[in-house]
Protein chains: 2
Amino acid sequence: MRIGEMAKRAGVSTRALRYYEQQGLIDARRGANGYRDYDEADLPLVTEIRSLLASGFTLEDARPFVDCLRMGNHSGDACPESVAVYRRKLAELDKQIGTLTARRADVAAQLAGACPNCVLDRRGLT
Amino acid sequence: MRIGEMAKRAGVSTRALRYYEQQGLIDARRGANGYRDYDEADLPLVTEIRSLLASGFTLEDARPFVDCLRMGNHSGDACPESVAVYRRKLAELDKQIGTLTARRADVAAQLAGACPNCVLDRRGLT
DNA sequence: CTTGACCTTGTCACCGGCGTCAACGTTTAA
DNA sequence: TTAAACGTTGACGCCGGTGACAAGGTCAAG
């Protein structure tokens, strides 16, 4: 199928598909006219990418998942490289959550100090 | 004082000081030679900006704090506009923390599904 | 007079994942 | 035959806070 159809079916823009190709994630054969010719099997790859991006992963993160699917696996995370990404991401998230939580406490303390009447911190209250 | 001294005393780069001026946060008088001439009173303003940036606020967020200090207040958050920024930021942080926490749960679940032996989720354990 | 340490403005680069044009070739239906 | 609807590559813009460099002006010390 051509890029337009693939885009429609995957729910992405053609721009995105070209970008993924440029990043070496999704490759399409070329017709005699230079048009990209996508395989049916590429659809789940694109879907996997979108799903990961929506979950906060980067395109680089998605690479092992796509490779894993292309190797014939039923699921993109059936490979150790993908699992490693999960773990790295988990650690990243924990770190970020920790940072933001500490920051939240700081801001709340500042707010309490600056505006004593502003006891709007809903935490610990019912 | 000139920009170099101000930068040194505030612990920022001259580039940053020029950028703050460009954004309308810190204004300096100009000498006959065109050199910026900072006032002693500008030092705490710069310090306030750095402190806020370090806490995850943007330069835009810092604006009311700086204005507040320039109006003669002892503290940058002694003005309602600054307090409003605190509150907005607090809400932002809560939202971000919520998003990341949900995402973390997703990733942990995926990890658990992809790698049953990988029960490394340290939460809930001692 | 010259060197070197300061100052000035202006501009590109970064990071990520595209959106959005431009300028052009191809296919397809009327 | 022609116009619409597709396809191609290439390049700029965005967002924020600088870093780094260019090409120049200024000023104090030796």
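The sequence lines fix the lettering, A, B, ..., with proteins before strands; numbering per chain opens at 1.
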Of all the nucleotides listed (D/dC27, C/dC7, D/dC12), which has the minimum atom distance to the side chain of B/N33?
D/dC27
Whole-Å distance between C/dG19 C1' and A/L17 CG?
14 Å
Distance alone, cut at 3.5 Å: any donor-acceptor contact between the side chains of B/Y20 and B/R50?
yes
Under 4.0 Å, heavy atoms only, any strand: does B/R36 hit a base, just the sugar-phosphate, or nothing?
sugar-phosphate
Round to the nearest Å and state the distance from B/L52 atom CG to D/dG16 atom P.
16 Å
How many Å lie between CD on B/E5 and C1' on D/dC27, as a whole number?
16 Å
Starting from A/I49, can I reach A/Y38 by hopping between I/L/V/M/F/W/Y residues whose side chains sit under 4.5 Å apart?
yes
Under 3.5 Å, is there any donor-acceptor pair linking the side chain of A/Y35 to the base of C/dG25?
yes
Say you draw a straight line from NZ of A/K89 to OG1 of A/T58; how long is it, rounded to the nearest 0.5 Å?
5.5 Å
Rounded distance in Å - CG (B/L25) to C1' (D/dT18)
14 Å
In whole angstrom, give the distance that lies between atom CD1 of B/I3 and atom C1' of D/dG25.
15 Å
Check the distance between C/dG17's P and A/E21's CD and give it to me in whole angstrom.
17 Å
Heavy atoms from C-beta onward define the side chain here; which of C/dT8, C/dC18, D/dG17 lies closest to that of B/R18?
C/dT8
So B/S13, base contact, sugar-phosphate only, or nothing? Heavy-atom distance under 4.0 Å.
sugar-phosphate
Which nucleotide in D/dA11, C/dT11, C/dG17 has an atom nearest any side-chain atom of A/Y19
C/dG17
Which nucleotide wins on minimum distance to the side chain of B/L59, given the candidates D/dG17, C/dT26, C/dG16?
D/dG17
Any chance you could lay out the salt bridge (charged side-chain N to carboxylate O under 4.0 Å, His left out) test for A/E81 and A/R63, step after step, and finish with the verdict?
CA-CA 9 Å; A/E81 291 82 1; A/R63 195 179 300 276; over 6 Å; no
With nearest nucleotide decided by heavy atoms, which residue, B/R50 or A/R15, maps closer to the 5′ end of DNA chain D?
A/R15
Taking C/dT20, D/dG17, D/dG7 as options, the one with an atom nearest any side-chain atom of B/L53 is D/dG17
How close or far is atom C1' of C/dC7 from atom CE of B/M1, stated in whole angstroms?
16 Å
Side chains of A/S75 and A/N73 only: does a donor on one sit below 3.5 Å from an acceptor on the other?
no
Which nucleotide in C/dC18, C/dT27, D/dT8 has an atom nearest any side-chain atom of A/A16:
C/dC18
Nearest-Å distance for atom pair CD1/P, residues B/I26 and D/dG17
14 Å
Distance criterion of 3.5 Å, no angle test: do you see the side chain of A/R2 paired donor-to-acceptor with the base of D/dG7?
no
